Amino acid sequence: MAAMPLLDRLRAGLFPHRAPLPALAPVLGLRHFGHGLLLLAALLMLPFALLGTPRPLAQWRWMDVLGEGGTCLMLMIWLGYLRASRPAGPVSDRLCLGLAGMLLGGYVDLLDEFWVLPKAMVWDNWLESGLPLLGMMLLTWGLHLWRQEQLALARQLGARERLFRDHRRIDTLTQLGDAAYMATQIALERQAGRGGHLAMLAWPGFETAVARPLGLAAADQLLRNAGSLLALHLAPGELLCRYAGDRFVLLLPGQQGGAARARAEALRRVLQDWSQGPALAPRLAGLDLAPDDRLAPEQRLQQLASGLHGA
Amino acid sequence: MALELPALYPPPPAPGAPAAARYELDSPCLAWTDQAVLLAEFARSRELAPLQPPGGGAGLISPRQLLALLEGLRAEGGPDAAFVIGRHWLPGHYGLPSQALQEAPDLLTALQLLCRHAGRLCPLLTPRLLLDEQELVLVWTEACGLPPGLRGFVVDLHMSAVSALADWLGGQALPWRYSFNRTAPRDLAQHMVHLQAGEPGRLRFGCQADAMRLPLEAARRPWPTRPGRAAAALAAGADTGSQARGLIAALHDRLLPALDRAPALDELAAELGMSPATLKRRLAQHGTHYQAELDQLRALMALYLLHLRGQPNEAVAQALGFFDSANFRRFFKRWTGLLPSALAR
């Protein structure tokens, strides 16, 4: 029992500034999936060591050792990344099992380089060819499920993301896209030859009426809630981003003119009727986007922001 | 050819007056309970790693330590960190100077207080006010050195602080124009919204100075503040520490009123009460040297006189102590990359 703290202490002494390892998702409900794989690898080595004859050093084919060893190492790293970045579940299970199969197949192939088994034995050939194929089939199945999962997630993200993903462009406070993400989206709409409507919502005087008297944390919380509230009211295809400060920007693709303005006004009413919101009337500015617009999207957004100024 | 130089705030000290206290990058002169507490509160509101006072709480920290805290928030606090912190920076809770700001009858008085009591209100950057008949220019100058990577962040913070102070106490957004001594960021959204710029044309990047301009008439508009006695107490000598100047700011204070009669380094060192070698070493520790500071002040003043006041070349050359206008043109070209004639008002 005392061994673990000692080990931790040693590790902390050796790597004082190392970031803690990320938590790895369990596979098939097994938290120690990685240790299990290591155990399996050790067990696989056993028949080679018992039944085979070691290959003399002169006969090692270094190219193969490096190539196959490197492949195994990379597969291990992939497995680690996959478990660190995905939540547990059927999709992750299949992806991880697939990678594990490929890893073990490659590993048996690698052991071949160090021991010579009698010609009569065929099981190692079976493992060598069968495991990677089985692994790839599982991985393919997993990828197929992943696609379905992604479609479900896209529906869930709804108002926050459309067709294009860039995690560096997510506003940390509201978890909406930021101004640069909206600019990318406007450019995408233009490429597709579609017009649309761009609207910006803001509370004039937010700083003096809310941020100063209530403080930093409360103002942040209010903006976070406002973002979620607006996102709830968006129709499929519409996109909400946080421009900066208390300003939210809406993209209504394919809608223009009076209908689009009415739609934006409806969303402004949502903010106005919000009982926990600030006691300020939100303001709205909007403009139609032509598909052959020459002005840079960033400048269109600035133009919109100027329209809200002085309120 | 007489040339009317702008009114400068803070004004040069009267001869014989005791010199204001000086601080350097590593002087422990800032109370943790002043600006650092605001940073700690910001870190808490954004759920970042908590900021702890060094040595258990009651102590003083140095400008370098305050800058280190800001560096952490710049990296982790989100793209609007400078502006959000800036909004709460002034008037702040820094004792009498903060109180005096809240009681100021108009923006001009508030800015004069800010310039005079910068040691308490904004110890990292020193504001200087240039006034002529129509316009005020608030220039942000070095106080005691800044790491180059943090300069833009600190400038944004201070500009946001002043603009938010004016919005809050005056009750309306003012038509500020901003100049930044750096290249434009990829995305202007934060500057547009937080500085209440209104239109992108009010934000100019790639300028020679970090400055804010405002028509004087807007700065004289009375504020709905309640008058008090804090400014009088300050004027009577309460809280003299609030007038402390950073080393570089103190150097600028000495040079600015008489740019045409700049002292030699030895003379200046004697006035500051140190040996020339010590002064050189101190300036080097703050990332600069005497001639660079003198040249920079001359270039800034030349820019102001030529560009904003439309003064003729010869008069500016004379006012800044150049032998002739050819000399001045060469200096100006080397320092700003422009010929003086390129700057029409």
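The sequence lines fix the lettering, A, B, ..., with proteins before strands; numbering per chain opens at 1. Fair warning: this is a prediction, and the values are worked out from it, not measured in the lab. Side chains are part of it too, since the values below use all heavy atoms of this structure and drop only hydrogens, waters and symmetry mates.
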Query - Side chain, backbone, both or neither of A/A183 within contact of chain B (heavy atoms, under 4.5 Å) - result: neither

Query raised in the report: Based on non-hydrogen pairs under 4.5 Å, which of B/E199, B/E47, B/M192 is most in contact with chain A?
Result: B/M192

Query raised in the report: For atom CZ of B/R182, is the number of surrounding heavy atoms from other residues, nucleotides or ligands below 6.0 Å larger than 12?
Result: yes

Query raised in the report: Between the side chain of A/S306 and the main-chain N/O of B/G198, is any donor-acceptor distance below 3.5 Å?
Result: yes

Query raised in the report: Of the listed residues (A/L216, A/D246, A/T208), which shares the most heavy-atom pairs with chain B below a 4.5 Å separation?
Result: A/L216

**Report entry** Residue among B/H88, B/Q172, B/H191 with most heavy-atom pairs under 4.5 Å to chain A
**Finding:** B/H88

Requested in this report: May I ask you to name which of B/E41, B/R44, B/R46 has the most heavy-atom pairs under 4.5 Å with chain A?
Outcome: B/R46

Query raised in the report: How many angstroms lie between atom OH of A/Y243 and atom CG of B/D187, to the nearest 0.5 angstrom?
Result: 6.5 Å

Query - Point-to-point distance, once rounded to the nearest 0.5 Å, from CZ of A/R247 to NE2 of B/H194 - result: 9.5 Å

Query raised in the report: Given a strict heavy-atom distance threshold of 4.5 Å, which part of A/Q302 is in contact with chain B: side chain, backbone, both, or neither?
Result: both

**Report entry** Backbone N/O of B/R87 and side chain of A/R212: donor-acceptor pair under 3.5 Å
**Finding:** yes

**Report entry** Minimal non-hydrogen separation, B/S45 against A/D220, with atom names
**Finding:** OG-OD2, 4.0 Å

